[in-house]
Trainee: 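Have a look at this one.
Just the heavy atoms: all of them, side chains too, but no hydrogens, waters or symmetry mates, feed the values below.
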Amino acid sequence: MACRVAAVAVALTVSLGDGPSAALADHTDPAQPLSPVDGAVAEGAARGAGRWAFVRNFPANPGTDLGFWERGDAAYASTGTLGGGATGRVGQRVLRLVGEDGRVNPGWMADHGSAACQDDPSAAGNLKLQHDVQLTPRRAPELLIDTTDDVGRCHDLGGGGLELIDVSGVGVPGGPAVREIHLTRHDGMSHTVTVDDTRPWIVYNSNGDFAGRAWIDVLDLRTCLGHAGTSVEERRASCRPVVARIPFEADWASQRLPDGTLGDPTSCHDISVRGPRLYCAALNATLILDVAELTDGSGAIRGTPLPCRVISGSSTSAAVTDCTLAADDPAEAIAAYDALGRPQAEGWRFLGTVNHPGRDDGEGGQTGLNNVRVPADEGVSISHQAESTPPEVGEWLLVTDERGGGLVAPGASCEPGLDNPIGNGGIHVFDITDPAAPVYALGPDGRPAVFIADATVPAETFCTVHVIHHLPDEQRLVAAWYSQGIKIIDYAIDESGRWTFTETASFLLPGARTWAADVFRTDDHPDGTRTYWLLSNDMVRGADVLSWTGPANPIPTTTPGTAPPPPPTTPASTPTPTPTPTPIRTPTATPGRTDAHGAPATPAASDIPRPVAAPTAPARPVTAPGGTAGAVLALGAAAALGGAAWWGRRRLRVGRGPSG
């Protein structure tokens, strides 16, 4: 059915200022919008339970990933951009979602022009420039991390990598403006980026590479944090990341060929971290690593760092840490790394992998992003995202398959009532009770537990899953399904461990190509329903704020071996409370510091272990012997965060397929 709603009236916030000693932005002014900020009221097509409401659109800055944070009672987001160009593209757009009074009140805050390529209009539509989003520390963050997986970018024409952007002043009167303080370059560049679950200074770079550069570059950002209140020049002078590498054995990251042999190792497209475990969706495979002992007692990365050099940026006053050995030639980069003796991080352990069927064009090649030999419900073609379930649910791993990609028709085409069993990818579930031997979870019929959504509108392409987010206290996923919009997907697990998926609700806005969607706030109602406030980022529409009110699907409080109840359902015709902006719900009681949702909060920047002295360029750590995972943190009460650290609000970096 169609859902007709009115827009919520909002007022734009004042633009951010900067300290008196800070210079102007290098090539864009964060106080001036780089694309429109006022979109039209939209009518969406709703299906399933509950009630949807449209709130506001921030238009036509082609959208990719998103990230949330809180400062006091206010909540903010940054939305990434697809491609680059002289007009209409931002890079990172900072929005206010919840005001200081605790009410949902979306407004524009600042634009950081990492996609505003004035000198390279041909970059428009470049799918490699996809601007992933991560924030650190997650509690009152100082840095937003932006990615570029191309050999040139707007702020640094010499190579792709990470861009570290100061957001410590967002929501702070007179605080510093949103601008870059440092950049990094990497072999294989940067497709997505992930901040460690319990060490906010440790960052994992995913290059999303099909060319054999099968590794993770790990960054220590301690010198870049803890400088609130200093000038932009001082922050730029202090920030000197240290970079080390986790290299893969070829078999860990290779696809399983039709004859059972392994071949074509790939790197992480995306990484998620829960407690000591790292999950790498490596395109042709999905890897599990233990990173508990990756850092020593001082917080430094164990082992030998890469021989990076600090150079001047080509289009920015911020310095660049250049770790490339051969940026334009994968074979040369691999050979150069081997010639160095393969310096690497230590203290991590490989636990296990799933070698997927991977790409196969039917003739033994890997053209496109599909596997025409293996149906979508029998194997993964593109391991796009890997997310573990909350500990209360059990040891399960959800792997999304961006089969068909989002680009090449008819690879991911669809029509209502007529599925595409080869080209429409879905969500696959693996039992990782024994991480050394992951196996498919099963559905009630004894087949692999795989969820592939029904199509509601015909589309020539983009009929595949893209990004999922697991809600922290429910057996519920929010999924961005490209041309099929936003989906609320529930699951139940019976006493024998068999999975059942239910598409509880969906919402499709006009022309949608939804890249990412997630809940930034939840309000409970006396009748047991919840209102979920969501932000979506769309390749066509830009950013949309909306809400859905419907039945909850809480994690059952049953003991092991008993059957959890099935997910509750509410007929679409059942009235539910009209969502209104109300203060954030009272957090539940939890020991130690918590965020606004009652979940443990990651350390603030003031808690981060400091190097004895800031390293000079190129930065190199002194490896301290000994140390344990508990000693590494050395963060007082925050050291007890453990595997469930900050789950209630953390944003596990996902999405952003190799095709966009």
Side-chain angles (χ1 to χ4, degrees), residues 64-69 78 80 92 130-139 141-149 160-165 184 186 188-209 214-221 224-225 241-246 248 253 266-283 286-292 294-295 301 345 348 383-388 397-400 467-470 516 518 602-603 641 643-647 649-658:
T64 57
D65 194 44
L66 49 84
F68 302 138
W69 74 96
S78 189
Q92 293 293 337
Q130 68 89 22
H131 299 280
D132 189 28
V133 184
Q134 279 278 271
L135 293 132
T136 191
R138 295 182 179 104
R139 178 186 173 92
E142 290 187 32
L143 295 179
L144 184 153
I145 308 174
D146 174 276
T147 70
T148 305
D149 55 345
L162 304 179
E163 186 159 339
L164 309 181
I165 303 163
T184 65
H186 301 269
M189 299 158 283
S190 300
H191 192 67
T192 67
V193 60
T194 304
V195 175
D196 189 81
D197 194 23
T198 58
R199 295 165 291 199
W201 65 95
I202 297 296
V203 172
Y204 304 95
N205 180 71
S206 301
N207 58 35
D209 186 64
W215 53 60
I216 300 170
D217 283 351
V218 189
L219 290 79
D220 175 354
L221 299 186
C224 307
L225 297 167
V242 177
V243 185
R245 179 165 291 172
I246 297 176
F248 299 161
T266 48
S267 67
C268 302
H269 167 271
D270 187 67
I271 290 171
S272 68
V273 185
R274 183 195 290 282
R277 284 191 183 178
L278 180 151
Y279 303 97
C280 162
L283 301 166
T286 302
L287 286 69
I288 306 173
L289 306 180
D290 184 316
V291 293
L294 179 67
T295 52
I301 301 169
W348 58 274
S383 179
H384 180 269
Q385 178 185 353
E387 303 285 346
S388 62
L397 188 64
L398 307 177
V399 177
T400 64
V467 175
I468 63 172
H469 287 287
H470 196 300
D518 198 4
T602 47
L641 292 173
W646 206 70
W647 174 247
R649 290 286 296 158
R650 74 175 190 175
R651 296 290 163 246
L652 308 177
R653 286 313 74 196
V654 294
R656 299 78 51 188

Trainee: Checking the side chain of Asp65 only, and the main-chain atoms of Gly80 only, is there a donor and an acceptor separated by less than 3.5 Å?
Mentor: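 Not at all, since once roles are kept as given, no pair shorter than 3.5 Å links the two residues.
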
Trainee: Spell out, as yes or no, whether a donor-acceptor pair under 3.5 Å connects the side chain of Thr194 to the backbone of Ile271.
Mentor: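 A pair under 3.5 Å: yes.
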
Trainee: Any donor-acceptor pair under 3.5 Å linking the side chain of Arg277 with the backbone of Ser388?
Mentor: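 Pair absent, no side-chain N/O of Arg277 close to backbone of Ser388.
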
Trainee: Between the main-chain N or O of Ser272 and the side-chain N or O of Asp197, is there a donor-acceptor pair closer than 3.5 Å?
Mentor: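 No; judged by distance alone, with no hydrogens or angles, the pair does not exist.
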
Trainee: If you take all heavy atoms of Gly188 and Asn207, which pair is closest and at what distance?
Mentor: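 Where Gly188 meets Asn207 most closely, the heavy atoms are O-CB, 3.0 Å.
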
Trainee: What distance do Leu283 atom CG and His384 atom NE2 have between them, rounded to the nearest 0.5 Å?
Mentor: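 The NE2 atom of His384 is 9.0 Å from CG of Leu283, to the nearest 0.5 Å.
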
Trainee: Just one of Leu287, Ile246, Ile216, Thr286 clears the side-chain contact (heavy atoms from CB on, under 4.5 Å) bar with Cys268, so which one?
Mentor: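 Running side-chain contact (heavy atoms from CB on, under 4.5 Å) over Leu287, Ile246, Ile216, Thr286 with Cys268 returns exactly one hit, Ile216.
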
Trainee: Just verifying a value: how many Å separate Thr192 OG1 and His131 NE2, rounded to the nearest 0.5 Å?
Mentor: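 The OG1 atom of Thr192 sits 14.0 Å away from the NE2 atom of His131.
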
Trainee: Hey, is the main chain of Thr184 close enough, under 3.5 Å, to the side chain of Glu163 for a donor-acceptor pair?
Mentor: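 No; zero donor-acceptor contacts below 3.5 Å.
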
Trainee: Could you state the interatomic distance from CG (Leu164) to CG (Leu221), rounded to the nearest 0.5 Å?
Mentor: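 Separation between the atoms: 6.0 Å.
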
Trainee: Look only at the side chain of Gln385 and the backbone of Ile468, and say whether a donor-acceptor pair between them is shorter than 3.5 Å.
Mentor: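 Flag set: sc Gln385 to bb Ile468 pair under 3.5 Å.
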
Trainee: Looking at every non-hydrogen atom in both residues, tell me the closest pair between Ile301 and Ala244 and how far apart they are.
Mentor: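 Between these two residues, the closest heavy atoms are CG2-CB, 3.9 Å.
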
Trainee: Between Ser78 and Leu135, does a side chain to side chain contact (heavy atoms under 4.5 Å, CB included) hold up when you go through it step by step?
Mentor: CA-CA 9 Å; Ser78 189; Leu135 293 132; 5.5 Å; no

Trainee: What closest approach, in Å, do Gln92 and Asp146 show between heavy atoms, and which atom pair accounts for it?
Mentor: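 For Gln92 versus Asp146, the nearest heavy atoms are NE2-OD2, 2.8 Å.
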
Trainee: Check the pair Val133 / Leu66 against side chain to side chain contact (heavy atoms under 4.5 Å, CB included), numbers first and verdict last.
Mentor: CA-CA 6 Å; Val133 184; Leu66 49 84; 5.6 Å; no

Trainee: Tell me the closest heavy-atom pair linking Ala386 and Ala281, and the distance in Å.
Mentor: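 Of all heavy-atom pairs spanning Ala386 and Ala281, the closest is N-CB, 3.8 Å.
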
Trainee: State whether the side chain of Thr64 and the backbone N or O of Gln130 hold a donor-acceptor pair below 3.5 Å, judged by distance alone.
Mentor: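 Yes; judged by distance alone, with no hydrogens or angles, the pair exists.
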
Trainee: Please check if any side-chain donor atom of Thr295 sits under 3.5 Å from a side-chain acceptor atom of Arg199, or the reverse.
Mentor: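 Per modelled atom types, Thr295 and Arg199 side chains form a pair under 3.5 Å.
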
Trainee: Given 3.5 Å as the limit, does a donor-acceptor pair link the side chain of Gln134 with the main chain of Ile145, or not?
Mentor: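 No; judged by distance alone, with no hydrogens or angles, the pair does not exist.
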
Trainee: Could you walk me through whether Val203 and Val193 satisfy the side chain to side chain contact (heavy atoms under 4.5 Å, CB included) test, starting with their C-alpha distance in whole Å, then the side-chain angles of each, then the deciding distance to 0.1 Å, before giving a yes or no?
Mentor: CA-CA 7 Å; Val203 172; Val193 60; 3.2 Å; yes

Trainee: Counting distance only, does the side-chain N/O of Thr266 pair as donor-acceptor with the main-chain N or O of Ala253 below 3.5 Å?
Mentor: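 Confirmed, Thr266 side chain pairs with Ala253 backbone.
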
Trainee: How many angstroms lie between CG in Leu289 and OH in Tyr204, if you round to the nearest 0.5 Å?
Mentor: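 Result: 9.0 Å between the selected atoms.
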
Trainee: Please report the interatomic distance CH2(Trp201) to SG(Cys224), rounded to the nearest 0.5 Å.
Mentor: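 If I round to the nearest 0.5 Å, the distance is 14.0 Å.
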
Trainee: Do side-chain atoms of Ser190 reach the backbone of Thr147 as a donor and acceptor pair under 3.5 angstrom?
Mentor: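 Checked: no pair found.
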
Trainee: Among all residues two or more places apart in sequence or in another chain, which pass the side chain to side chain donor-acceptor pair (under 3.5 Å) test with Asp217?
Mentor: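 Checked Asp217 against side chain to side chain donor-acceptor pair (under 3.5 Å); matches are His186, Arg245.
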
Trainee: Could you measure the distance from the CG atom of Asn205 to the NE2 atom of His191? Nearest 0.5 Å is fine.
Mentor: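 Spacing of CG (Asn205) from NE2 (His191) equals 11.0 Å.
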
